[in-house]
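Report on one structure; see the data block that follows.
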Amino acid sequence: MARSQSANQELTEVLNQLWHLDTNRLKPGTDYIISLQGRAGYVAQGSNYARDKARAPLFTYVNEDKLKTIKTFAHFINLLDNYETSTGVSETVTSEELKENRLFIDAIVETDLMKSAHKYLVKKGQSPSDTTQFKRQLYDIWFRLYHRDRSGGEDSCGFEHVFVGETKYGREVMGLHNWIQFYLQEKHNHIDYKGYKARDNKDSPDEDDHVLNLQFSWKGLVKPIGGSFIGVSPEFEFALFTIIFLMSTEKMTSVVVKIDEYVLELVVYRHGQSIGTSFPKLLSSNNRDL
């Protein structure tokens, strides 16, 4: 798909519909508070040194009651401890974990947001209309294990990569594009937020932005830049990236859309019939110039 800066109209419409249906999204300044601090600097390829432009954590406060009581969030959090972060280390999936995966999919499929995404995918001929089959499709896209590192067993899946994060050969951080995982890892002192990424000072984000480009270190390894939605529900990210994944058969798909006030590039890499990785890249916000 050609990289163009003009937004994809049809997808923009569909994704804004999902944005409006995201009733579980947390409110900035109320349900959570972030502290952006300084603009992160350049990190050389392969280097694990980053100047810390943020003394304090990114998340000052998150209403954990909401994380525990909103069904999709609670089921989502149960999944975060199910993975070996190292690629090349085979994943062992227990029956307990399989059950957690299924409960999570059941919970998101019950939301109006996911019902709307499902309806769109059926209309496009990309998903079965039967809910049970649709759940199986979601399972295969996100939870089916595959080899990311050729040397080992089935060591990865889309969910682990995108939402939990992985390390490669103990040298680099891969994935980890989810704000809940970021917050929980930060709380346990596994993540050190280094600052936000912006092209220039005019482009600085603000505290209620729902999409950010971040720099951080995790388990001692630096992620020079990682795009992440902030505050959104797990079902929103699942729906959005599933749609983009299913709308193309390319190894890498990149679309520009405008969701709410954000102009984003949404990137999805496929790994066979599953998601390899997916993330948002913030291009501009508040109608600031591109």
Side-chain angles (χ1 to χ4, degrees), residues 1 3-36 39 58-63 66-67 70 72-73 76 108 111-121 124 162-163 177-183 196-200 202-214 225-247 253-268 278-290:
M1 200 172 279
R3 270 200 60 153
S4 70
Q5 290 290 3
S6 61
N8 177 315
Q9 275 324 109
E10 183 180 332
L11 270 178
T12 287
E13 224 163 283
V14 172
L15 299 180
N16 275 295
Q17 216 171 342
L18 299 183
W19 182 260
H20 291 302
L21 288 171
D22 194 12
T23 49
N24 287 336
R25 183 168 63 238
L26 300 191
K27 291 182 182 56
T30 312
D31 299 327
Y32 68 90
I33 295 166
I34 59 172
S35 165
L36 287 165
R39 183 156 74 105
L58 173 63
F59 286 94
T60 306
Y61 162 77
V62 173
N63 180 340
K66 287 217 160 165
L67 298 185
I70 299 173
T72 55
F73 280 96
F76 175 81
I108 63 174
T111 63
D112 289 344
L113 188 158
M114 207 44 146
K115 284 178 181 158
S116 169
H118 183 200
K119 213 148 95 192
Y120 174 71
L121 287 166
K124 288 303 220 182
V162 174
F163 293 99
H177 296 285
N178 176 262
W179 74 271
I180 302 166
Q181 168 70 340
F182 193 100
Y183 162 67
Y196 63 86
K197 289 295 282 184
R199 277 191 303 268
D200 51 43
K202 292 201 302 293
D203 209 27
S204 304
D206 56 38
E207 252 83 62
D208 56 8
D209 275 351
H210 277 294
V211 196
L212 297 172
N213 298 329
L214 308 170
I225 180 166
S228 202
F229 284 103
I230 308 284
V232 301
S233 70
E235 58 268 29
F236 175 76
E237 294 191 63
F238 253 67
L240 169 111
F241 291 124
T242 299
I243 287 172
I244 290 167
F245 174 80
L246 288 170
M247 296 316 282
T253 307
S254 140
V255 288
V256 174
V257 292
K258 185 167 189 290
I259 302 179
D260 192 46
E261 62 184 55
Y262 310 102
V263 180
L264 307 174
E265 183 184 354
L266 299 171
V267 182
V268 174
S278 58
F279 52 89
K281 250 190 219 165
L282 180 63
L283 300 177
S284 79
S285 165
N286 299 328
N287 312 322
R288 293 190 283 246
D289 295 341
L290 268 180

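Just so it is clear, the model here is predicted, and its values are computed rather than measured. Because only heavy atoms are used, hydrogens play no part in the values below, and waters and symmetry mates are left out as well, while side chains stay in.
- Rounded to the nearest 0.5 Å, atoms CG (Leu58) and CD1 (Ile34) are 5.0 Å apart.
- Counting heavy atoms from C-beta outward, Arg39 and Lys197 have side chains that stay 4.5 Å or more apart.
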Please walk me through it: do Phe241 and Leu266 pass side-chain contact (heavy atoms from CB on, under 4.5 Å)?
CA-CA 8 Å; Phe241 291 124; Leu266 299 171; 4.3 Å; yes
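- Look at Glu13 and Lys258 and you find no salt bridge, because none of the NZ, NE, NH1 or NH2 atoms lies under 4.0 Å from a carboxylate O.
- Here Asn24 contributes atom CG and Lys66 contributes atom NZ; the two are 9.0 Å apart, rounded to the nearest 0.5 Å.
- With contacts defined as side-chain heavy-atom distances shorter than 4.5 Å, the pair Pro234/Phe73 qualifies.
- For the atom pair OH of Tyr61 and OG1 of Thr30, the computed distance is 9.0 Å after rounding to the nearest 0.5 Å.
- Across all their heavy atoms, Ser116 and Leu21 have their closest contact at CB-CD1, 3.4 Å.
- Aromatic ring centroids of Phe76 and Phe163 lie under 6.0 Å apart.
- Minimum interatomic distance between Asp208 and Asp206 (heavy atoms only, all atoms of both residues): OD1-OD1, 2.6 Å.
- Closest approach of Asn213 and Pro280 over heavy atoms only: OD1-O, 4.4 Å.
- Here NZ of Lys119 is found 14.5 Å from CE of Met114. Values are rounded to the nearest 0.5 Å.
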Are Leu26 and Asn63 close enough, and set up right, to give a side-chain contact (heavy atoms from CB on, under 4.5 Å), and what steps lead you there?
CA-CA 9 Å; Leu26 300 191; Asn63 180 340; 5.6 Å; no
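- Scanning both residues, Ile244 and Thr253, for their nearest heavy atoms gives CG2-CG2, 4.0 Å.
- Nearest heavy atom pair, residue Tyr196 against residue Leu36, reads CD2-O, 3.7 Å.
- Using a 4.5 Å heavy-atom threshold, the side chains of Phe279 and Val162 count as separate.
- Within the 3.5 Å criterion, the main-chain N or O of Gly227 finds a donor-acceptor partner in the side chain of His177.
- Every residue meeting the side-chain contact (heavy atoms from CB on, under 4.5 Å) condition with Lys115, not counting sequence neighbours, appears here in chain and number order: Asp112.
- Using a 4.5 Å cut-off on side-chain heavy atoms (C-beta onward), Val211 and Ile259 make no contact.
- Counting all heavy atoms, side chain and backbone alike, Trp179 lies closest to Val232 at NE1-O, 2.8 Å.
- Annotation: the span from Asn16 atom CG to Asp22 atom CG amounts to 12.0 Å, rounded to 0.5 Å.
- Side-chain contact between Thr111 and Thr72 is present, with heavy atoms from C-beta onward closer than 4.5 Å.
- Here the side chains of Phe182 and Leu214 are in contact, with some heavy-atom distance below 4.5 Å.
- A distance of 12.5 Å separates CD in Gln17 from OG1 in Thr12, rounded to the nearest 0.5 Å.
- A donor and an acceptor atom, one from each side chain of Glu265 and Ser254, are located under 3.5 Å apart.
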Please determine whether side chain to side chain donor-acceptor pair (under 3.5 Å) holds for the pair Tyr120 and Glu10, giving the CA-CA distance in whole Å, both sets of side-chain angles, and the decisive distance to 0.1 Å.
CA-CA 11 Å; Tyr120 174 71; Glu10 183 180 332; 2.7 Å; yes
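- Considering only heavy atoms from C-beta on, Glu237 comes within 4.5 Å of Asn178 through its side chain.
- Checked against ring-ring contact (aromatic ring centres under 6.0 Å, His included), Phe236 has the following partners two or more places apart in sequence or in another chain: Trp19, Phe229.
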Step-by-step side-chain contact (heavy atoms from CB on, under 4.5 Å) determination, Val263 to Ser284:
CA-CA 5 Å; Val263 180; Ser284 79; 3.6 Å; yes
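- You'll find the side chain of Ile230 stays beyond 4.5 Å of the side chain of Asp209, heavy atoms only.
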